[in-house]
**Q** 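First the structure, then my questions, so here it is.
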Amino acid sequence: MRVLVVAQLLGACGLAAGGTAGALLAEHLTGTAAAAGLPLSMLVLGSGIAAVAVTRIMRDRGRRAGLAAAYLAGTIGAALVVAAAAWRSWPLLLAGSLLLGGGNAAVMLARYAAADLASHRGRAISTVVTAASVGAIAGPNLLGPAGMLARAAGLPAPTGLFLLAVPAFLGAAVVLVAFLRPDPLRVARSTASPDEEPAAAGRGGGLAVLFGDRHIRLALLVLGIANLAMVGVMAVAPVHLHDHGAGMGTIGLVVSAHIAAMYLPSPVTGWLSDTLGAGVVAGMGALLLLAAGAVAAVAGAGRAGIVGALLLLGVGWNAGLIGGSALLRDAPVSMSLRTRAEGLGELGMGAAAAAGGSGAGLLLATGGFGLLGLVAAAPCLLILAAVATTVKGPGGVAGARSGSGDTTQLSVKAMPDQGRPHGTRYPPRRSSPALEQRGSQ
């Protein structure tokens with residue numbers, strides 16, 4: 001766990017470049033706010049694509065190799081963005097932002113590595129998410145100092161955070177390769193009983209099993225819509241602030257406050273997930289995201305209203321991330337299929353956020369910040385409907401608590417290639433103190 005925390009500190013610091021400086025650099029290169037959301041859209045799309053590739057590497061070679069490869073892709077992406085700024089190349093900026101998504105995928109997928117050997121998975125996930133907050137909050141505050149470094153090098157000021165992202169991502173990869181031993185996923189597989197680790201289905205059969213499970217369907221919906229709402233607003237928030245007179249330092253502080261709201265509530269939402277159920281936490285996140293849209297609708301150019309909307313947006317995203325991740329991690333499927341489900345979750349988050357970020361600039365330019373907030377938050381009604389429907393049905397998940405020590409168990413569909421009758425139930429995973437100690441290395 002300590003190794004994952006250190007890698008998260010470095011990786012999240014690198015991510016601040018795409019989330020904060022990408023929009024400003026896009027406006028600088030194109031001269032219009034309508035294009036400001038595209039770099040972040042490419043980043044989250046790249047994150048989803050990278051997640052599918054990275055989870056395949058994890059399945060074959062473990063968490064260490066997958067996470068390190070993702071961070072290396074992010075390093076290359078940050079370097080390409082710096083080159084794009086130097087050559088004033090808009091296509092190269094988008095290409096670099098796409099590869100930068102590899103770093104985002106690594107930061108996000110690390111939460112599942114923390115849960116591999118944990119008995120309280122909600123809290124394990126929240127620990128790694130909280131660790132990312134330190135670098136993520138510090139990063140935007142470096143916008144001003146890093147901007148001076150960039151100007152000294154003859155580059156636009158927003159390029160400074162990308163200059164810092166290169167060593168940050170590279171350092172995270174080195175930490176994981178050198179110190180994440182033993183590999184948590186391989187340890188979890190080696191200690192799984194035969195009943196817990198049925199043989200993986202074929203390619204088509206595996207997808208059928210994943211999408212046939214209501215826990216996974218709900219998890220994918222929650223993760224995708226939460227990211228859609230958050231990125232749809234956050235992709236152009238720095239531009240909106242800048243257009244209303246905010247300086248680089250002020251923008252950095254506001255973005256830092258938003259990022260703090262995204263990550264710092266993790267211990268609370270993780271505990272709630274283990275105590276009340278992941279579905280309940282996901283529903284709470286949807287309500288908070290709807291509240292953020294309502295506040296944005298009346299905020300106008302007032303900074304207090306904008307900050308309030310961004311804080312609600314961050315906390316709502318956090319609840320959706322923790323709740324959705326716990327639902328996905330507790331899904332009753334084999335370990336090999338679980339990594340595949342993790343990749344689908346990140347791909348869904350990336351695709352949804354790419355859609356939201358791509359239209360964010362146009363909505364801001366035509367209807368203002370209020371319309372943008374309402375449009376981004378409206379899909380959260382689907383989460384509330386899905387949670388309510390799932391709770392009412394048999395084997396509902398909103399009350400299902402994450403962690404192997406809980407008494408409430410999830411119903412399990414039989415794996416198609418195991419020869420088990422339909423409706424077979426698998427016993428819960430159990431963790432021993434010894435394994436917990438090994439997982440903390």
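Quick note: numbers below take in every heavy atom, side chains included, and nothing from hydrogens, waters or symmetry partners. The chain is numbered in sequence order, starting from 1. Bear in mind the structure is a predicted one, so any value in this text is a computation, not a measurement.
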**Q** For R123, is there any backbone N or O sitting under 3.5 Å from a side-chain donor or acceptor partner on D274?
**A** yes
**Q** Roughly how far, to the nearest 0.5 Å, is the CG atom of L344 from the CZ atom of R340?
**A** 7.0 Å
**Q** Any chance you could measure S256, atom OG, to I251, atom CD1, to the nearest 0.5 Å?
**A** 11.5 Å
**Q** Check this for me: W271, atom CH2, are more than 12 non-hydrogen atoms of other residues, nucleotides or ligands nearer than 6.0 Å?
**A** no
**Q** Measure across G320 and A226 and return the closest heavy-atom pair with its distance rounded to 0.1 Å.
**A** CA-CB, 4.3 Å
**Q** Report the C-alpha distance between L313 and W317 in whole Å, list the side-chain angles of each, state the deciding distance to 0.1 Å, and finish with yes or no for side chain to side chain contact (heavy atoms under 4.5 Å, CB included).
**A** CA-CA 6 Å; L313 191 74; W317 178 86; 5.9 Å; no
**Q** Which one of D183, D116, T55 satisfies the side-chain hydrogen bond (donor to acceptor under 3.5 Å, both in side chains) criterion with R63?
**A** D116
**Q** Might you point out which heavy atoms bring L24 and P158 nearest each other, and give the distance in Å?
**A** CB-CG, 3.8 Å
**Q** List the atom of H258, the atom of L311, and the distance in Å for their closest heavy-atom pair.
**A** N-CD2, 4.4 Å
**Q** Side chain of S97, backbone of L93: donor and acceptor closer than 3.5 Å?
**A** yes
**Q** With side chains defined as the heavy atoms from C-beta onward, is the minimum distance between L264 and V315 less than 4.5 Å?
**A** no
**Q** Can you measure from CG (N104) to CG (L45) and round to the nearest 0.5 angstrom?
**A** 11.5 Å
**Q** For the CG atom of L327 and the CZ atom of R217, what is their distance to the nearest 0.5 Å?
**A** 12.5 Å
**Q** Do F211 and L220 have side-chain heavy atoms sitting under 4.5 Å apart?
**A** yes
**Q** Passes side chain to side chain contact (heavy atoms under 4.5 Å, CB included), V175 versus L180? Steps please.
**A** CA-CA 7 Å; V175 167; L180 189 61; over 6 Å; no
**Q** For the residue pair M284 and L272, what are the closest heavy atoms and their distance?
**A** CE-CD1, 3.9 Å
**Q** Please check this pair: side chain of S266 against backbone of Y263, looking for a donor-acceptor N/O pair closer than 3.5 Å.
**A** yes
**Q** If we only count heavy atoms from C-beta on, is the T159 to V81 side-chain gap below 4.5 Å?
**A** no
**Q** If we only count heavy atoms from C-beta on, is the L10 to Y71 side-chain gap below 4.5 Å?
**A** no
**Q** Could you report the tightest heavy-atom contact between P39 and G22, atom names first, then the distance?
**A** CG-O, 3.6 Å
**Q** Going through the distances and angles, do V281 and L276 end up as a side chain to side chain contact (heavy atoms under 4.5 Å, CB included)?
**A** CA-CA 8 Å; V281 174; L276 301 179; 5.5 Å; no
**Q** If you define the side chain from C-beta out and look only at heavy atoms, does anything of M349 sit under 4.5 Å from L321?
**A** yes
**Q** Do I216 and L328 have side-chain heavy atoms sitting under 4.5 Å apart?
**A** yes
**Q** Determine whether E342 and R111 make a side-chain contact, defined as any pair of heavy atoms from C-beta on separated by less than 4.5 Å.
**A** no
**Q** If you round to the nearest 0.5 Å, how far is OG1 of T30 from CZ of R88?
**A** 9.5 Å
**Q** Is there a side-chain contact between F369 and V233 (heavy atoms, below 4.5 Å)?
**A** yes
**Q** Quick one, E346 with V52, criterion side chain to side chain contact (heavy atoms under 4.5 Å, CB included). Give me CA distance, side-chain angles, the key distance, then yes/no.
**A** CA-CA 8 Å; E346 297 305 306; V52 174; over 6 Å; no
**Q** So which heavy atom on L382 is nearest to which on L221, and how close?
**A** O-CD2, 3.9 Å
**Q** Rounded to the nearest 0.5 Å, what's the gap from CG on L142 to CE on M148? Could you check?
**A** 10.5 Å
